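In the text below, chain A, chain B and the rest are named by the order of the sequence lines, each starting its count at 1. Note that this is a predicted model, so its numbers are computed, not measured.
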Amino acid sequence: MKNITSNCERSFIIEALSRGKRIDGREIYDHRKVNFFFGREYGHVEAHLGDTKVLAQISSEVVVPSSERSTEGFLIFNIDISPMASPAYETGRLTKECIELTRIVERCFRESRVVETEGLCIVAGEKENNLLNLCYNFKVWSIRVDVHVLDHCGNYIDCACLAVSAALRHFRRPDIAISGDEVVIYDILDRPPVPLSLHHLPLCITCSFFDSGNLFAVDPSLEEESVMRGRLVLGVNVLKEICAIQHNGGVPLSKDQINRCAEIAFVKVQELTSLMDKGLAVIMLSVPNAAVKSTEARSNSWVRLPPRRVFSVFDGRVFNLALINSSKVVEACQVPCWLGTRTDDTSLGKALEDIRAQSFTEKGKAS
Amino acid sequence: MVEDVNENTTVFPGEVIKDVKAVKGVTILGPGLKRNEDPPNTLRITRAGKLQFKPPNIYWVSHNHKRYIPKRGDLVVGIIVKKAGDSLRIDIGSGEYASLSMLAFEGATKKQKPDVQVGDVIYGKLLNAHREMEPELVCVDSYFKAGKMGPLSNDGFVFTVSLGLVHRLLDPENPILTALGKVFPYEIAVGMNGKVWVNGRNTKEVLTVLRCLETAELHDDKVIVELCRQSK
Amino acid sequence: MSKNRELLSKIGLRLDGRRADELRRIRCKLGVFTEPDGSAYLEQGLTKILAAVYGPHQVRGNRSKAQHDAAVVNCQFSMAVFSTGERKRRPRGDRKSTEISIHLRQALTAAIKTELYPWSQIDVYVEVLHADGGIYPACVNAATLALIDAGIPLKEYVCACTASLANNDVPMLDISHQEEIIGGPTLTVAALPMSGKIVLMEMSQRFHVDHLQKVLEKALQGCRDIKHILDEAVKSHIQDVGSSTGWANTT
């Protein structure tokens with residue numbers, strides 16, 4: 001059941017906007033508080049914009065490219081507005097809002113060439129060589145971006161773009177080495193994975209218009225969205241380039257209004273990008289696949305650190321033995337099958353002792 | 001098993017209360033409790049919350065949920081969704097829309113119906129709220145007097161709070177609303193369905209009431225009273 | 001993609017021989033069908049569009065979609081399977097068609113006086129017979145003509161146009177399919193030409209904000225030019241219809 005907005009809510013919100021106030025206490029040009037939560041795996045980011053929550057997860061896989069573009073990789077978006085986001089959405093895909101969001105995200109990221117698709121190519125042969133084989137020998141990376149809108153409290157478009165941008169910067173794909181005709185793909189434990197090469201990083205800023213277009217507010221909340229008459233989404237990056245514009249009817253706008261929104265969008269995108277940079281810088285310090293000094297768990301208001309992985313050298317091989325979270329509890333233990341011919345408790349116990357000793361002594365060390 | 005019952009006992013669904021106090025064999029159960037068949041004379045908890053007891057024989061579980069379940073006799077704030085002939089369909093936040101007859105207003109006759117539009121806000125009382133039927137509202141009491149019920153002015157603002165806060169606000173000994181009233185005058189209608197209507201002299205004051213109630217959800221009454229005292 | 005063909009040659013001619021600010025040839029006709037309440041056929045260059053309008057009539061299907069204070073505008077966009085170079089498997093229902101339907105509805109709802117017909121529905125069906133770039137603007141223009149033919153009250157004409165940048169400097173008007181593939185960012189604008197208000201705007205790829213002004217201004221100019229052309233066509237259609245029923249001979 002969709003919630004109906006009462007007349008007094010509508011007139012109050014418009015009245016408050018005409019005096020320059022919004023019902024949640026923000027100024028007209030303010031966006032809500034932005035939080036990023038990074039997951040254990042690379043490319044897993046949950047972005048919070050106020051109460052709106054969107055999750056983005058990036059994964060990569062090696063595929064055969066299409067025959068027309070055999071030297072380009074793929075960047076695939078799969079966007080889903082889950083019914084848990086709001087009672088107004090049902091299961092079943094391709095609702096109007098879902099399509100709109102998908103198109104904006106695709107236009108913002110794919111059509112504006114954020115990821116260098118030619119750089120995703122692994123093996124590119126020459127087509128003229130064997131017409132029969134065509135592309136069977138060609139290999140490219142296919143990067144898949146899954147976006148889920150978890151909680152809809154207004155303006156999930158901006159939140160989704162924040163999540164995708166942060167995820168693209170956070171993601172690392174496995175490293176590869178090409179020797180002649182052979183390609184070796186290294187596991188992330190063996191060699192540190194490689195970040196994606198990004199040309200630029202767009203973010204979306206939404207301006208909503210009320211009451212025949214003379215009142216406007218940036219980053220509408222849920223109540224404001226139910227009252228707004230028109231919306232302008234601007235996808236911009238810090239280089240002052242416009243990557244996507246989506247103005248979806250409702251209120252007709254004049255050129256000056258659009259220019260003014262563009263100027264505001266540039267200021268906003270600087271703020272949001274610097275927030276994202278800060279969050280990513282902290283997270284990148286604790287790269288999970290190297291022996292890490294366990295730093296104090298920082299209770300920062302916008303970043304939650306993932307648990308540390310600790311490695312132990314046993315039998316000449318480095319492998320991942322345990323996950324120690326910030327409260328020093330051994331969370332999970334994997335004993336790889338090539339530990340030895342027998343996996344008895346003594347060797348496992350010894351390995352665990354090693355880890356515990358290692359993590360606690362590291363904390364004591366000054367380095 | 002709940003041994004002793006006091007204000008701060010947190011209970012979970014499935015727990016059983018043994019020594020049940022009764023007056024002449026009658027115990028009054030509020031929300032969250034059900035009578036157990038076997039063993040006899042015990043109560044079973046069905047909702048998570050704090051178990052409360054009012055002597056001599058009243059037990060209930062107080063909880064803080066968001067979804068409103070309609071109950072007979074509740075005073076609620078509703079929004080008109082549709083006008084259908086002689087009756088109005090009202091959204092009170094329950095599973096189904098409630099119905100309100102156009103004649104259930106003070107001084108309404110078939111020739112003269114109240115002037116309400118889709119989207120207006122109504123303060124009414126639930127006449128019946130049976131599980132299987134749609135709830136029914138009225139804006140008059142049994143003497144056909146409206147009192148404070150009826151359509152609320154379109155100048156105010158309507159927002160949603162949790163049901164726990166509603167119970168706190170409706171407690172006559174709660175200091176929040178009176179403390180706020182000492183700072184500036186305002187009108188408020190608190191519906192048992194979690195919707196609150198506020199009207200004030202200007203936008204700033206209405207927004208202040210809104211902020212105040214948002215803070216009251218998370219903080220104690222004392223904090224709000226202190227804030228009001230400081231801002232005078 | 002091969003960029004060895006220039007969008008704008010040194011003497012200022014484009015791939016199809018036009019100048020940078022010239023529109024393609026527009027030919028249109030109103031009242032091409034008998035069943036629908038209004039219909040139109042529009043050619044813009046090689047792009048050919050048919051539009052049909054039914055309404056206002058009672059809301060069909062889902063009765064709860066009806067609004068108590070305005071008419072519901074329902075648009076359906078479909079491309080014929082023979083309209084593109086390679087045969088299309090699905091004429092409608094894929095993502096691109098749904099997106100264009102949504103945009104069409106948004107553009108038209110801004111111009112139709114929907115508050116005059118509560119509890120009713122206006123249907124607009126658009127079919128692309130040949131796609132050669134600038135499909136969405138041509139659909140909007142054709143739909144406007146069909147609405148005028150149906151007699152539905154409009155605030156203004158809705159005209160749409162595309163514009164782009166050549167050589168990173170010169171704004172171009174009315175982009176064809178070849179130029180879309182080879183060239184740079186394309187801005188599509190649907191506007192109410194006489195008041196200068198923009199109803200829908202969408203953009204692909206990216207360009208610097210300094211160029212936005214130029215390209216936007218060019219697109220709005222294009223919308224105004226298209227409005228003149230459509231206006232001529234409407235006037236001649238009214239004269240035809242009027243003369244056959246004897247309006248011209250009022251004494």
Using every non-hydrogen atom in the two residues, find where A:Ile242 and C:Met203 come nearest and quote the distance to one decimal.
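Heavy-atom minimum between the residues: O-CE, 3.2 Å.
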Of the backbone (N, CA, C, O) and the side chain (C-beta and beyond), which part of A:Val251 lies under 4.5 Å from a heavy atom of chain C, both, or neither?
backbone
Select one option (side chain, backbone, both, neither) describing which atoms of A:Glu263 are under 4.5 Å from chain C's heavy atoms.
neither
Between C:Ile102, C:Ile198, C:Thr109, which has the largest tally of heavy atom pairs under 4.5 Å with chain A?
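Looking at each of C:Ile102, C:Ile198, C:Thr109 in turn, C:Ile198 comes out on top.
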Comparing C:Leu108, C:Leu212, C:Leu187, C:Thr188 against chain A, the one with the most heavy-atom pairs below 4.5 Å turns out to be C:Leu212
Check this for me, if you would: do A:Arg103 and C:Glu202 make a salt bridge, where the nitrogen-to-carboxylate-oxygen distance has to be below 4.0 angstrom?
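No salt bridge links A:Arg103 with C:Glu202.
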More than 12 foreign heavy atoms under 6.0 Å from [atom1] of [X]: is that the case here?
X	atom1	result
C:Arg224	CZ	yes
A:His31	NE2	yes
C:Lys96	NZ	no

Chain A heavy atoms under 4.5 Å from C:Leu200: which part of the residue, side chain, backbone, both or neither?
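Both parts, backbone and side chain.
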Partner chain C: residue of A:Arg107, A:Arg110, A:Gln246 with the largest heavy-atom pair count (under 4.5 Å):
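Of the candidates given, the most pairs with chain C belong to A:Arg107.
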For the pair C:His103 and A:His247, evaluate side-chain contact (heavy atoms from CB on, under 4.5 Å) and give the outcome as yes or no after the intermediate values.
CA-CA 9 Å; C:His103 286 320; A:His247 165 40; over 6 Å; no
If you apply the rule side-chain contact (heavy atoms from CB on, under 4.5 Å), what do you find for A:Glu100 with C:Gln106, and how did you get there?
CA-CA 12 Å; A:Glu100 202 178 7; C:Gln106 284 161 350; 4.1 Å; yes
How long is the span from the CD atom in C:Glu99 to the OG1 atom in A:Thr102, to the nearest 0.5 Å?
9.5 Å
Only heavy atoms, only distances under 4.5 angstrom. Which residues in residues 254-261 of chain A are near chain C?
A:Ser254, A:Lys255, A:Ile258, A:Asn259
For A:Glu241 and C:Val209: C-alpha separation, side-chain torsions, deciding distance, then whether side-chain contact (heavy atoms from CB on, under 4.5 Å) applies.
CA-CA 6 Å; A:Glu241 290 176 335; C:Val209 69; over 6 Å; no
